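Scroll down for the structure; my scribbles are underneath it.
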Amino acid sequence: METHRRSSTNSVRSHKPARPIALEDDSTKASDALPLPLYLTNAVFFTLFFSAVYFLLCRWREKIRSSTPLHVVTFSEIVAILASVASFIYLLGFFGIDFVQSLVLRPSADVWATEDNEVESEVLLRNEDARHVTCGQALDRSIRSLQPPAPIVTAEKVFDEMPVTVMTEEDEEIIRSVVSGMTPSYSLESKLGDCKRAAAIRREALQRITGKSLSGLPLDGFDYESILGQCCEMPVGYVQIPVGIAGPLLLNGREYSVPMATTEGCLVASTNRGCKAIHLSGGATSVLLRDGMTRAPVVRFDTAKRAADLKLYLEDPENFETLACVFNRSSRFARLQSIKCAIAGKNLYLRFSCFTGDAMGMNMVSKGVQNVLDFLQTDFPDMDVIGISGNFCSDKKPASVNWIEGRGKSVVCEAIINGDVVRKVLKTSVESLVELNMLKNLTGSAMAGALGGFNAHASNIVTAVYIATGQDPAQNVESSHCITMMEAVNGGKDLHVSVTMPSIEVGTVGGGTRLASQSACLNLLGVKGASKESPGANSILLATIVAGAVLAGELSLMSALAAGQLVKSHMKYNRSSKDVSKVSS
């Protein structure tokens, strides 16, 4: 049976063309001269090799500790060295040569194509032989009458290499054109009409231009049509980010499993512990304070007086209805809420705030602002529009105006954590958490001159949820504005914890929310797409879930800091457990 197994394995592993099976051949093998069966001989040499190596390592460790020179060897060490070398030579000859032959003698694609039928017939014959005879009969290679094998529909060959995209002659010509600069890389999609093919050609051209490999960047398994014209230009692949689940988060009486896309170890585990503490204490409650996306163009006049005239006109309540009608033409969901102005000399900044439904709303509010600017040009022809965004919005930048006035969804989320849960789940005390929050999140942040950063790590949770649900990760800057408050309640037995986040910018339609993976995460939360019953309800719910997840993350991290567990937990989930000082010594 051993001979039969070795023969079958070698024929497949070395990829040699199939040969007719010599059923009458009974020539002896080299292994027949061994005093023990082949598998016992292999076991003996394996045991001998590892035993000798282990003995030598132990001896050398003792010599290092006692400062004995390594070249001074005893008789037992000489025997161990000889045994390890001899067993290594045997194992190398038995396994190494066969492995090298399998690489050197691998046939070309033509051999595979011409000899498929013979290989399948031989393998099938051997499998049929092994199934219908006993072990003793398997050693007998005399002629047997076998039933004809069942037909094989397909036979798949497995290779070690990564799948390679096959390029046609036409593709090669296009690649050379891109490399030479004759064909712009950005025009491939429009010229080819095939986004996947365009990405593959662009990828290959990039590798040839830079001389750098992109083998670790996946290309297949992604719908490139879905990002055309809305998510990413000139794609050459996609980056894989693992998604973990924290929860269930009990929020406003409902449970949510929160998806978090991150490469930071311990983040999901920590947030999950916070969710557990909130759940065991009866859940958290969140309240929406404000909902309005902003855009602030900057315009210039010849004099400061003219800029002040426009400011007074825009802030006059009698003119608001007219301006709202003009603004709201941009979308069936857009609803202008307010216009606040600020003057810097003869420059005027107009901060428009509007409701945008379930969309994050940046494009929607920009179109509405453009409508109003065009309308104002009639009564203020000397108005010079410098830019539709003058940074008074303020988008993707930390700004006091967002911290004070809010942008997007303003949410506060709170929970009362039972004292027993604080001790048993969070492994700390109410007093320690209250003191740490005061000295770290409040006083420490004030000492640092923080702007909206009166928290432990709100941006960690915000970014992870944003990436998982298709939000704009760059808006993590203002969306992570958060102040964490902790206070002892119920006679000091329990902990009241809250997070106030004035500018959570999220949407459940548009942008990255259309992609399959991100759409699946939104569906997990029950906020996929636009709400049919109440416009804006899904995006509001998503904002409250973000705040609830931040509350859980703040609670868990602060507890780890108070209990002195931060380093230990990160060593377990995010770092090597080796003591670097001992390794270096």
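For clarity, every value in this text was computed on a predicted model and none was experimentally measured.
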How about [X] and [Y]: do any of their side-chain heavy atoms sit closer than 4.5 Å?
X: Leu314; Y: Asn319; answer: no
X: Arg202; Y: Ile175; answer: no
X: Met485; Y: Leu442; answer: yes
X: Tyr224; Y: Leu219; answer: yes
X: Tyr238; Y: Gln240; answer: yes
X: Arg351; Y: Cys341; answer: no
X: Val299; Y: Leu350; answer: yes
X: Met293; Y: Lys409; answer: no

Ignoring hydrogens and angles, tell me if any N or O in the side chain of [X] forms a donor-acceptor pair with the backbone of [Y] under 3.5 Å.
X: Thr294; Y: Cys393; value: yes
X: Ser534; Y: Ala537; value: no
X: Asp358; Y: Ser539; value: yes
X: Asn371; Y: Arg329; value: no
X: Tyr313; Y: Leu376; value: no
X: Arg203; Y: Leu217; value: yes
X: Gln377; Y: Met383; value: yes
X: Asn402; Y: Ser394; value: yes
X: Ser531; Y: Gly536; value: no
X: Ser519; Y: Arg514; value: no

**Asked** What's the verdict on side-chain hydrogen bond (donor to acceptor under 3.5 Å, both in side chains) for Ser270 and Ser556, showing C-alpha distance, side-chain angles and the deciding distance?
**Response** CA-CA 6 Å; Ser270 177; Ser556 182; 2.8 Å; yes
Is any side-chain N of the basic residue among [X] and [Y] closer than 4.0 Å to the acidic one's carboxylate O?
X: Arg273; Y: Glu554; value: no
X: Asp384; Y: Arg300; value: no
X: Arg306; Y: Asp302; value: no
X: Lys196; Y: Asp223; value: no
X: Arg197; Y: Glu170; value: yes

**Message:** With side-chain hydrogen bond (donor to acceptor under 3.5 Å, both in side chains) as the criterion, how do Asn441 and Ser445 come out once you've worked through the C-alpha distance, each side chain's angles and the decisive distance to 0.1 Å?
**Reply:** CA-CA 6 Å; Asn441 289 341; Ser445 296; 5.3 Å; no
**Request:** Quick one: do Gln337 and Ser353 satisfy side-chain hydrogen bond (donor to acceptor under 3.5 Å, both in side chains)? Show the steps, please.
**Result:** CA-CA 5 Å; Gln337 296 171 331; Ser353 177; 3.1 Å; yes
**Item:** Test log, rule side-chain hydrogen bond (donor to acceptor under 3.5 Å, both in side chains), inputs Ser410 and Asp291
**Value:** CA-CA 6 Å; Ser410 299; Asp291 184 6; over 6 Å; no
Looking only at non-hydrogen atoms, find the nearest pair between [X] and [Y] and report the distance.
X: Ser366; Y: Ile388; answer: O-CD1, 3.5 Å
X: His481; Y: Val477; answer: CD2-O, 3.7 Å
X: Ile504; Y: Ala547; answer: CD1-CB, 4.2 Å

**Message:** What verdict does the salt bridge (Lys or Arg N to Asp or Glu O under 4.0 Å) test give for Glu478 and Lys396, after you've listed the backbone C-alpha separation in whole Å, the side-chain angles of each residue and the deciding distance to 0.1 Å?
**Reply:** CA-CA 6 Å; Glu478 61 268 36; Lys396 301 180 177 71; over 6 Å; no
**Prompt:** Using a distance-only test with no angle check, is there a side-chain donor-acceptor pair under 3.5 angstrom linking Asn476 and Ser459?
**Reply:** no
**Message:** For Ser286 and Asn252, which I'm curious about, is there any donor-acceptor pair between the side chains at under 3.5 Å?
**Reply:** yes
**Message:** Does atom CD (Glu435) have a neighbourhood of more than 12 heavy atoms from anything else shown, all under 6.0 Å?
**Reply:** no
**Message:** How about CG on Asn363, more than 12 heavy atoms from neighbouring residues, nucleotides or ligands closer than 6.0 Å, or not?
**Reply:** no
**Message:** Using ring centroids (six-membered ring only for Trp), state whether Phe375 and Phe327 fall under 6.0 Å.
**Reply:** no
